[in-house]
Amino acid sequence: MTRLRMAVIGVGHLGQHHARILAGLPDVELVGVADANPEQARAIAAKLGTTPYDDIAPLVGRVDAVSVVTPTVHHHAVASTFLKAGVPVLVEKPVCRTVAEADDLIALAAKANVPFQVGHIERFNPAFEELSRRPIRPKFIEAERHGPFTGRSVDIGAVLDLMIHDLDLLLSLVGSPVRNVSAVGAAVFGGHEDMVNARLEFENGCVAHVTASRITRHPKRRLRVWAPEGYAGIDFVTRKLTLVQQSEEVREHGLDVTHLDAAAKARLKDEVFGRYLQVLNLDGDRKGDQLTSELKHFINCVRTGNCPRVNGEDGRNALELAERVLTALRNHQWNGSQTGPLGPNGLPAPAGFLFTPMKLAPNKAA
Ligand code: NAD
């Protein structure tokens, strides 16, 4: 099989991992890495034994496919250059800055008839893959994505940085348009929202509560789904899926606690999980990392011409829903009135301290 000639555009925090993985795949030739920062391009190229570029133009015509991992503001410019030349593109999430930009890329990919994939990586998390194979019709969902502040992706807020992962997962899992969106959130360090909670009501009756925060000390990324078929819980960090369903006994006869005698009631707590509710724990941790799966999937789509699991429309739909969350967030009335403070940057100023301020040691570096 001829090796696929690939390049990574943008080799910062995440792009260098795209490049490292591609450089290690036997059916890929990493022909180069490009970065607006020439030193960064040189450092990563030297590490991986490939050619550095500080401009993408020379790569057009030398590659069969590219991975675009620049900051979101540059996704459209970079991806459109390659799509116009008929080169398949994998672009990181969020697909673009605006839905109009995303629509443009979708049209360019359709015109060139080449695969266009968006990097919603959690779709390749083994725990989510396993859940997607199960016949579940979600009715209530709780999604949480919390992490500490890293100072990265500050050109966007927590909705486009973090929540968009879960918005894409919800659209894929629920399979119904969203009817209503309400949201509340606050900017703690200024600029964009650092934490946000949204309530989504889908046309099929499903309701989802989605929370994202990039100022939480302890990381947490989980999804919990309640459905007529049972309960599913995913921990995206450990890649574990927990499924709970009624036992045969409960399905056939129900459980009427009002008719249980005192002894049976005393045993109930110990017997709920096991006798009445069955639990299956599935561990996806040994199935390899999801970035490698995502890249291999893209390569397979390039070779076969198949439509990617997360295509341009999926990226666009997640972005459109994210924009609806942002609109709801910006309109949130902190004092319950349109004339009072609104939105993530309008949180009323603190009236006092929750506790006596601590004296910090002087910063030696300052
Ligand atoms: P980063 O700032 O660490 O890296 C971006 C790199 O792109 C930098 O080295 C920069 O010099 C370079 N660059 C900027 N403009 C360029 C251009 N026009 N052409 C070539 N190179 C250019 O950012 P990051 O954290 O790696 O994020 C990059 C993208 O990946 C963003 O879209 C972000 O949302 C996405 N991301 C996705 C995930 C995920 O879980 N899927 C996680 C982190 C970041």
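Just so you know, ligand 1 is whichever comes first in the structure, and atom 1 is the first atom listed for that ligand.
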Within the 4.0 Å heavy-atom shell around Thr70, which atoms of ligand 1 are there? 7 (O), 16 (C), 17 (C), 19 (N), 20 (C), 21 (N), 22 (C), 28 (C), 29 (C), 31 (C), 32 (O)
Any side-chain to backbone donor/acceptor pair from Trp334 onto Gly343? Under 3.5 Å, distance only. yes
Would you find a donor on one side and an acceptor on the other, under 3.5 Å apart, between the side chain of Ser67 and the backbone of Val8? no
Give the atoms of ligand 1, by number and element, whose distance to some non-hydrogen atom of Ile121 is under 4.0 Å. 40 (O), 41 (N)
Where ligand 1 meets Gly10 - atom numbers and elements under 4.0 angstrom, heavy-atom basis: 7 (O), 21 (N)
Atoms in ligand 1 flagged as close to His165, the criterion being non-hydrogen separation under 4.0 Å: 39 (C), 40 (O), 41 (N)
Sequence neighbours excluded, the answer for ring pair (Phe, Tyr, Trp, His ring centres under 6.0 Å) partners of Phe273 is none
For Leu14 and ligand 1, does the shortest N/O to N/O distance drop below 3.5 Å? yes
Selection from Val69, Asn37, Asp35 by shortest heavy-atom distance to atom 11 (O) of ligand 1: Asp35
Does Arg145 qualify as a cation-pi partner of Phe236, given the criterion of NZ or CZ under 6.0 Å from the six-membered ring centre and within 45 degrees of its axis? yes
Examine distances only and state if a side-chain atom of Glu323 and a backbone atom of Thr98 form a donor-acceptor pair shorter than 3.5 Å. no
Applying ring pair (Phe, Tyr, Trp, His ring centres under 6.0 Å), name anything that partners His192, two or more places apart in sequence or on another chain. none
What atoms in ligand 1 come closer than 4.0 Å to a heavy atom of Gly119? 41 (N)
Pro94 heavy atoms within 4.0 Å reach ligand 1 at atoms 34 (O)
Option of least heavy-atom distance to atom 13 (N) of ligand 1 (set: Gly15, Pro71, Ala34): Pro71
Going by distance alone, is a donor N or O of one side chain under 3.5 Å from an acceptor N or O of the other, for His297 and Asn300? no
Counting each atom of ligand 1 from 1 as listed, which ones have a heavy atom of His75 under 4.0 Å away? 32 (O)
Over 60° means perpendicular and under 30° means parallel, so tell me whether His209 and Phe140 are parallel, tilted or perpendicular. perpendicular
Measure Lys93 to ligand 1 on non-hydrogen atoms and call it side chain, backbone, both or neither using the 4.0 Å cut-off. both
Hey, is Ile9 touching ligand 1 through its side chain, its backbone, both or neither, going by heavy atoms under 4.0 Å? side chain
Heavy-atom proximity to atom 21 (N) of ligand 1, best of Pro38, Gly12, Ala36: Ala36
Of the choices His13, Gln16, His74, which has the non-hydrogen atom that lies closest to atom 15 (N) of ligand 1? His74
